[in-house]
Amino acid sequence: MKTAGFIQRYYLHHLLGWALLFFGWHFFRYQDYPAGKGWYITFIKVADLALMVYLTNYLLIPRLLYKKRYFLFALFFITLVFTFSIGKMYVEAALLQTSFDIWDRFKVRVYDNVIPHFLLVSTGAAIKLLTDHARAQRRLGEMAREKAETELNFLKSQINPHFLFNSLNTIYFLIDKQNAEARTTLLQMAGLLRYQLYDCNSDTIEIEKEVHYLQDYIRLQELRKDNQYEVGIEVGEQVKGFRITPLLLIPFVENAFKHISHDSHQKNYIRVSLQRQNGTLTFIVENSKDDQQRSTEPPGGIGLANVKRRLELLYPGKHTLQISNNAHTFKIELNLLLT
């Protein structure tokens with residue numbers, strides 16, 4: 001498995017495929033060219049084909065075909081094949097020191113060069129499409145399995161929600177009306193539970209609800225900390241009007257509270273920021289920490305490893321996650337491309 005991963009990572013299978021094509025082409029065709037010219041002609045043919053395949057697979061297909069710009073894809077694809085085919089014939093003629101006129105025997109040139117290139121490049125594109133489709137199906141299967149496992153684990157630990165909320169209502173009315181802070185805190189906790197139990201059933205949720213959930217969670221955590229801790233959340237004006245995966249951001253905030261510094265000789269802090277610019281959501285969480293990574297929080301939560309896995313499954317190629325773990329600070333910066 002490690003060898004296969006190494007080969008895939010450095011595209012060694014591509015190199016092997018082109019090498020086999022190169023030597024095979026040369027073996028069958030070198031005698032058609034003057035002595036010493038066969039290697040050069042073979043290199044030109046293979047390099048020309050490789051450029052067309054890679055430009056089609058990694059430029060035209062992702063940026064045009066997958067974005068449903070079919071007319072532009074067809075136009076650029078045809079132009080690409082014609083241009084590279086004609087260019088290859090010019091280079092070959094110069095190498096063989098023969099005159100070249102594209103209009104001379106035009107039909108024969110198209111039949112012998114352009115049409116084979118269309119077929120070969122289309123074959124490469126078909127392989128790319130099949131590979132991407134298989135990868136997407138595998139990712140969907142992993143997402144479905146992970147969602148099923150998450151729901152199963154949740155059901156195993158779930159308290160009957162009706163009993164839970166009825167109990168919270170009873171406790172709310174038992175609290176003295178003069179104790180407004182305790183009542184407000186209980187309502188916030190009920191809101192957090194309601195969000196987890198009901199609002200998070202869909203695949204995506206409004207960013208406003210996710211932000212409200214983060215704010216309530218931070219307020220509840222602040223009650224457990226003394227004045228030695230500075231906790232703040234900043235939400236930009238543009239953070240509205242779009243949807244994200246529910247409970248995607250909270251593990252980073254949980255991690256900050258779990259590992260915040262306990263040094264009494266300094267002002268410890270947790271800073272949370274959400275900004276939206278040019279179609280990208282930037283989420284930053286930074287906290288002071290101890291070298292020993294002590295924690296007063298009980299074990300649990302999703303954990304950063306699982307969050308990374310969720311991001312890979314739910315936002316493939318549409319996110320970046322940077323983690324800075326220094327001696328006295330821990331910082332994450334998540335950028336999500338919103339579509």
Side-chain angles (χ1 to χ4, degrees), residues 143 146-147 149-151 153-155 157-159 161 164 185-225 229-236 239-240 242-260 269-276 280-289 293 295-315 318-325 330-336 338:
M143 290 171 57
E146 182 165 315
K147 183 178 180 181
E149 291 175 2
T150 302
E151 291 176 350
N153 292 332
F154 177 73
L155 289 173
S157 62
Q158 185 181 15
I159 301 174
L164 178 61
T185 301
L186 188 64
L187 287 177
Q188 288 177 346
M189 187 177 73
L192 293 177
L193 292 171
R194 187 174 291 106
Y195 179 82
Q196 292 182 353
L197 291 173
Y198 298 117
D199 293 345
C200 295
N201 290 331
S202 59
D203 294 333
T204 60
I205 196 166
E206 295 89 347
I207 186 61
E208 291 86 352
K209 290 185 178 181
E210 184 80 358
V211 169
H212 185 69
Y213 176 75
L214 290 176
Q215 291 170 333
D216 282 348
Y217 176 83
I218 290 174
R219 291 191 194 101
L220 287 177
Q221 290 294 328
E222 282 184 284
L223 295 176
R224 304 174 56 199
K225 308 295 182 181
Y229 297 88
E230 174 190 333
V231 182
I233 179 170
E234 179 185 0
V235 182
V239 183
K240 59 183 178 181
F242 60 92
R243 302 173 69 89
I244 66 168
T245 301
L247 301 177
L248 185 67
L249 307 179
I250 188 63
F252 298 110
V253 181
E254 287 179 342
N255 186 74
F257 277 102
K258 183 178 294 185
H259 298 292
I260 190 172
Y269 66 89
I270 294 177
R271 301 188 184 113
V272 181
S273 172
L274 292 99
Q275 303 292 335
R276 180 190 181 189
T280 299
L281 173 67
T282 301
F283 178 63
I284 300 175
V285 181
E286 183 177 4
N287 63 277
S288 58
K289 73 178 184 69
Q293 287 289 328
S295 174
T296 60
E297 300 294 325
I302 296 177
L304 295 185
N306 286 348
V307 177
K308 292 179 183 178
R309 182 60 177 159
R310 291 183 71 201
L311 286 168
E312 291 174 358
L313 293 173
L314 299 172
Y315 295 91
K318 296 182 179 180
H319 79 279
T320 58
L321 177 62
Q322 298 178 352
I323 299 179
S324 302
N325 190 3
F330 186 88
K331 178 181 178 182
I332 69 97
E333 179 174 336
L334 172 65
N335 290 282
L336 288 180
L338 306 174

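Just so you know, these numbers use all the heavy atoms, side chains as well, and skip hydrogens, waters and symmetry mates. Computed from a predicted structure; not experimentally measured.
- The shortest heavy-atom contact between Leu248 and Val307 is O-CG1, 4.1 Å.
- Residues Lys289 and Asn325 come closest through the heavy atom pair CE-OD1, 2.7 Å.
- Expressed to the nearest 0.5 Å, how far CG of Leu338 lies from NZ of Lys318 amounts to 10.0 Å.
- Contacts of Arg243 classified as side-chain hydrogen bond (donor to acceptor under 3.5 Å, both in side chains), with partners at least two apart in sequence or in another chain: Thr204, Glu206.
- With a 4.5 Å cut-off on side-chain heavy atoms, Phe283 and Leu336 do not count as touching.
- Put simply, OG1 on Thr282 and CG on Asn335 are 4.0 Å apart, with the number rounded to the nearest 0.5 Å.
- Summarising the geometry, atom CD belonging to Glu210 is positioned 11.0 Å from atom CD belonging to Gln215; distances are rounded to the nearest 0.5 Å.
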Item to complete: Test Val253 against Ile270 for side chain to side chain contact (heavy atoms under 4.5 Å, CB included), laying out the working first.
Response: CA-CA 9 Å; Val253 181; Ile270 294 177; 5.5 Å; no
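- Heavy atoms only, all atoms of each residue included: Leu247 and Arg310 are closest at O-NH1, 3.1 Å.
- In this structure, the separation between CD1 on Ile250 and OH on Tyr217 is 5.5 Å, given to the nearest 0.5 Å.
- Of the possible polar contacts, none joining the Arg276 side chain to the Gly236 backbone as a donor-acceptor pair under 3.5 Å is found.
- Of all the heavy atoms in Tyr315 and His319, the pair that sits closest is O-ND1, 2.7 Å.
- Taking 4.5 Å as the limit, every side-chain heavy atom of Asn287 sits out of range of all side-chain heavy atoms of Phe257.
- Rounding to the nearest 0.5 angstrom, the gap separating the CD1 atom in Ile233 from the OG atom in Ser273 is 8.5 Å.
- Note that the CG atom of Leu249 and the CD1 atom of Ile244 stand 4.0 Å from one another [nearest 0.5 Å].
- When all heavy atoms are compared, the tightest approach of Tyr269 to Glu286 is OH-OE2, 3.2 Å.
- Nearest heavy-atom pair across Phe252 and Val285 is O-CG1, 3.9 Å.
- Contact check for Glu230 versus Arg271: side-chain heavy atoms found under the 4.5 Å cut-off.
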